[in-house]
Novice: 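Shown below is the structure under consideration.
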Amino acid sequence: MIWMVVGYLSGSWLAALSVCRLAGVPDPRYCGSCNPGFSNVLRLYGPRLAVATLLLDALKGAPAVLAAKLLGLPVWLQGAVGFAVLLGHSYPLWHRFRGGKSVASAFGVLLILVPSVALLSAVCWMLLAWRLRMAAAASLVSAFVAPLACAWLAPDYVVVVSGFSLLVLARHGLNIRRLRRGEEPHLRS
């Protein structure tokens, strides 16, 4: 399906690389946690570049997912397009399949497919990140919350959102090990 290809290709653009390049700072894949995402950019370069990364990563898959939804494709196909966006972000072809953890991209996809679940998950993430000062812990809990919220707010999308959550959880394997050892880096104060 063409929209899945478009989703993967749009997801493959890693916003952090462009944002950091434009700002004249080093590639975040070689500094800090070596992840091209919001929290690593925040720890390395501050909130201005991190927010730009977050917004661009959340928005990049919107055209493909919105097209799938507006065309009235079945829920599972809308989910497949969204999943392609997340796969593109996590395993980008042009970066030797070395991408991010898909949290911001998942938020953007959810915002199109099930806005209420996206907003509830985002509030959960923000509260936990503020309280715990750890993006990974906030991301893991939010990934667990999303399918539960979906069962309540948008039951037709539970399977789709569960797939998104499983990918996000799988991409956090290293973070889970660091959390267990008490070595997970904190967000900047």
Side-chain angles (χ1 to χ4, degrees), residues 7-65 82 84-112 118-119 121-143 145-146 164-165 167-179 181-189:
Y8 176 83
L9 294 175
S10 65
S12 294
W13 172 62
L14 301 177
L17 304 186
S18 298
V19 167
C20 290
R21 187 175 301 124
L22 286 171
V25 296
D27 186 331
R29 294 174 301 163
Y30 302 106
C31 309
S33 68
C34 301
N35 181 49
F38 165 80
S39 56
N40 193 38
V41 172
L42 177 63
R43 283 189 295 268
L44 292 169
Y45 307 122
R48 187 174 55 88
L49 298 183
V51 168
T53 298
L54 173 70
L55 291 175
L56 292 171
D57 274 343
L59 292 173
K60 67 184 176 185
V65 177
V85 171
L86 304 187
L87 285 176
H89 183 82
S90 294
Y91 306 101
L93 179 64
W94 8 87
H95 299 292
R96 288 176 269 165
F97 302 103
R98 186 172 163 224
K101 296 191 173 106
S102 292
V103 176
S105 297
F107 171 70
V109 168
L110 286 176
L111 204 52
I112 300 294
L119 296 174
S121 297
V123 168
C124 176
W125 189 96
M126 288 186 288
L127 289 173
L128 287 167
W130 169 73
R131 183 71 180 116
L132 302 175
R133 308 301 305 158
M134 282 190 270
S139 297
L140 290 166
V141 173
S142 295
V145 165
F164 299 163
S165 291
L167 177 62
V168 169
L169 292 170
R171 295 292 294 158
H172 279 80
L174 177 61
N175 301 87
I176 292 168
R177 288 191 292 280
R178 285 196 304 237
L179 281 165
R181 294 190 306 254
E183 299 170 355
E184 181 64 23
H186 287 72
L187 293 170
R188 287 172 59 164
S189 299

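All residue numbers in this chain count up from 1 along the given sequence.
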Novice: I need the F38 CZ to F107 CZ distance, nearest 0.5 Å.
Specialist: 11.5 Å
Novice: Considering non-hydrogen atoms only, spot the tightest contact between L86 and S102 and give its length.
Specialist: O-OG, 3.0 Å
Novice: For a quick test of reading the model, state the closest non-hydrogen atom pair linking S121 to S142 and the distance between them.
Specialist: O-OG, 3.4 Å
Novice: Do side-chain atoms of K60 reach the backbone of W13 as a donor and acceptor pair under 3.5 angstrom?
Specialist: yes
Novice: Measure the spacing between CZ of R98 and OG of S90 and express it to the nearest 0.5 Å.
Specialist: 13.5 Å
Novice: Using every non-hydrogen atom in the two residues, find where S165 and A146 come nearest and quote the distance to one decimal.
Specialist: OG-CB, 3.9 Å
Novice: Determine whether V109 and F164 make a side-chain contact, defined as any pair of heavy atoms from C-beta on separated by less than 4.5 Å.
Specialist: yes
Novice: Are any of the side-chain heavy atoms of C34 and N40 separated by less than 4.5 Å?
Specialist: no
Novice: How long is the span from the CZ atom in R43 to the CG atom in N35, to the nearest 0.5 Å?
Specialist: 8.0 Å
Novice: Taking side chain as C-beta onward, heavy atoms only, is S139 less than 4.5 Å from K101?
Specialist: no
Novice: Between L169, L167, V168, which is the residue that forms a side-chain contact (heavy atoms from CB on, under 4.5 Å) with R171?
Specialist: L167
Novice: Side-chain contact, heavy-atom cut-off 4.5 Å: H89 with L14?
Specialist: yes
Novice: If every non-hydrogen atom of V145 is compared with every non-hydrogen atom of C124, which pair is closest and at what distance?
Specialist: CG2-SG, 4.0 Å
Novice: Drop me the distance from L110's CG to L119's CG, to the nearest 0.5 angstrom.
Specialist: 10.0 Å
Novice: Would you say the side chain of L93 lies within less than 4.5 Å of the side chain of Y8, judging by non-hydrogen atoms?
Specialist: yes
Novice: Does the side chain of P36 come within less than 4.5 Å of V41's, by heavy atoms?
Specialist: no
Novice: With rounding to the nearest 0.5 angstrom, report the CG to CG distance, L54 to L59.
Specialist: 9.0 Å
Novice: Kindly determine whether D27 and C20 satisfy side-chain contact (heavy atoms from CB on, under 4.5 Å), including the steps that lead there.
Specialist: CA-CA 6 Å; D27 186 331; C20 290; over 6 Å; no
Novice: To the nearest 0.5 Å, what is the distance between NE2 (H95) and OG (S12)?
Specialist: 8.0 Å
Novice: Evaluate whether atom CZ of R96 has more than 12 neighbouring non-hydrogen atoms of other residues, nucleotides or ligands under 6.0 angstrom away.
Specialist: no
Novice: Any side-chain heavy atom of V25 within less than 4.5 Å of one from L44?
Specialist: no
Novice: For G61 and S10, work out which heavy atoms get closest and say how close.
Specialist: CA-OG, 3.8 Å
